[in-house]
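Everything numeric here is computed off the predicted structure, so don't read it as measured data. Sequence lines set the chain letters: A, B, ... in the order given, protein chains first and strands last, and positions in each chain run from 1.
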Number of protein chains: 2
Amino acid sequence: MRQQPDDLAHVVGYVLKHAQASLRTRMDDTLRPLGLSTPQYVCMELLSRAPGISSSDLARNAFVTRQTMSTLLRGLQDRGLVERPEQAPSGRARPTALSPEGARLLALAQARADAVDAQMVAGLTAAQTRDLLRYLEKCIDALEGDDAGRTDATAPTDETAPDER
Amino acid sequence: MRQQPDDLAHVVGYVLKHAQASLRTRMDDTLRPLGLSTPQYVCMELLSRAPGISSSDLARNAFVTRQTMSTLLRGLQDRGLVERPEQAPSGRARPTALSPEGARLLALAQARADAVDAQMVAGLTAAQTRDLLRYLEKCIDALEGDDAGRTDATAPTDETAPDER
DNA sequence: TGACGCATGTCAGTAGTCTGACATACGGTC
DNA sequence: GACCGTATGTCAGACTACTGACATGCGTCA
């Protein structure tokens with residue numbers, strides 16, 4: 001028998017993680033036939049929208065560290081899907097871009113990825129999807145805001161108490 | 001200058017990932033002082049809600065594979081935070097539970113984690129939070145539903161549909 | 001009873017991801 | 001020109017996490 005404590009269903013973080021995990025799994029399954037992982041696809045997607053972007057900027061937009069993006073890029077470069085000059089034209093940033101072959105592969109991947117994204121919100125109306133995006137943005141702002149990283153995260157019972165209108 | 005293609009702001013999957021990444025970062029920062037990672041905390045949280053659960057069930061509820069949960073549990077076990085019998089009482093499943101020390105540590109972690117979760121939805125009204133949860137659940141259902149994995153039409157008869165509220 | 005299906009746990013290998021640390025390059029100020 | 005802060009890229013080490021494969025235990029059904 002399978003045990004499952006689903007009283008976690010009202011914990012936003014838990015549900016958020018569940019949704020993300022499901023999306024990731026579905027995305028991986030969809031892209032695997034093309035030989036791409038989800039992170040690789042995201043990287044290429046970003047490259048197509050901002051050719052010549054640096055690895056660090058790429059990392060920020062993909063929500064990973066520079067180091068992670070660096071290893072990711074190396075893999076794509078070894079497969080000839082992205083191109084970057086040996087030497088930086090200025091400073092240390094090396095502008096990165098998709099190779100023609102990378103662009104071709106991306107086109108195939110985009111069609112599949114878009115389908116998954118569409119499927120995810122298939123049960124929502126356009127208005128509900130808009131609201132979902134708005135609410136998620138608000139959550140992001142609340143987590144990343146200036147006063148978000150306060151170390152004095154004590155007060156366990158202080159502000160959680162108010163009966164939330 | 002920093003390049004960023006934010007025309008991705010309306011791609012649900014991208015925003016979802018952003019939110020999850022922010023939450024994960026904030027959660028890691030919050031739990032690090034206690035010597036716990038987010039996955040470890042999730043594992044202990046589940047254990048406290050379902051003592052005696054098996055590693056496989058734990059994995060399902062934490063949205064990771066059995067293998068990942070197995071290594072996670074080993075780490076926690078080595079630190080004396082969880083306990084499991086050497087031999088399974090029946091079958092292969094070994095019931096796992098928190099040790100007293102694990103329970104103590106979890107209590108501290110919960111207070112911090114709850115604060116982060118509350119902070120995340122601080123900018124939303126109670127009604128909006130409810131909607132957010134409902135929309136996310138719908139997305140999950142759409143991704144995990146029967147005809148979600150169209151690649152192999154095995155058509156399992158277990159269909160989880162009937163109990164749709 | 002024995003073959004089969006299914007779930008559990010585990011090992012091996014690989015990929016993704018993080019923190020920490022270091023060297024390098026640019027832009028300011030003095 | 002020298003110094004300092006910041007940004008970039010990279011190496012090293014560790015943890016998280018996945019796929020693939022295998023052995024074991026339980027149940028069903030011919």
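Residue B:L72 contributes atom CG, which lies 13 Å from atom P of C:dT10 at whole-angstrom precision. Between B:D57 atom CG and C:dT8 atom C1' the separation is 10 Å, expressed in whole Å. Atom-to-atom, CZ of B:R60 to C1' of D:dA17 comes out at 17 Å; the value is rounded to the nearest Å. In this structure, B:L31 places its CG atom 17 Å from P of D:dC15, rounding to the nearest Å. Between the CD atom of A:Q20 and the P atom of C:dT17 there is a distance of 10 Å, given to the nearest Å. Rounded to whole Å, atom P of D:dA12 lies 10 Å from atom CZ of A:R74. Between the P atom of C:dT19 and the CG atom of B:L36 lies a distance of 16 Å, rounded to the nearest Å. Nucleotide C:dG9 holds its P atom 11 Å from the CE atom of B:M69, rounded to whole Å.
Under a 3.5 Å cut-off, the side chain of B:R94 and the backbone N or O of B:R84 do not form any donor-acceptor pair. Here the side chain of B:T30 pairs a donor or acceptor atom with the backbone of B:R26 at under 3.5 angstrom. Side chain of A:S99 to main chain of A:G80: a donor-acceptor pair is present (N/O by atom type, distance under 3.5 Å, no hydrogens or angles).
Salt bridge present: B:R24 and B:D28 bring a charged side-chain N and a carboxylate O closer than 4.0 Å. Checked for salt-bridge contact, B:K138 and B:D141 miss the test: no charged N lies under 4.0 Å from a carboxylate O.
Applying the 4.0 Å criterion to OP1 and OP2 of D:dG20, one finds that B:R66 has every side-chain N and O outside that range. Remark: B:S70 is not in phosphate contact with C:dG9, judged by side-chain N or O atoms under 4.0 Å from OP1 or OP2. Contact annotation: A:S37 reaches the phosphate of C:dG16 (side-chain N/O to OP1 or OP2, under 4.0 Å). For B:R32 and C:dG20, the shortest distance from a side-chain N or O to OP1 or OP2 is not below 4.0 Å. For D:dA17, the OP1/OP2 oxygens have no side-chain nitrogen or oxygen of B:T65 closer than 4.0 Å. The phosphate of D:dG9 has OP1 or OP2 within less than 4.0 Å of a side-chain N or O from A:S56.
Between B:T71 and B:Q67, the one whose closest nucleotide on DNA chain D sits nearer the 5' end is B:T71. Residue-to-nucleotide proximity on DNA chain C shows that, of B:R84 and A:T68, the 5′-proximal contact is made by B:R84.
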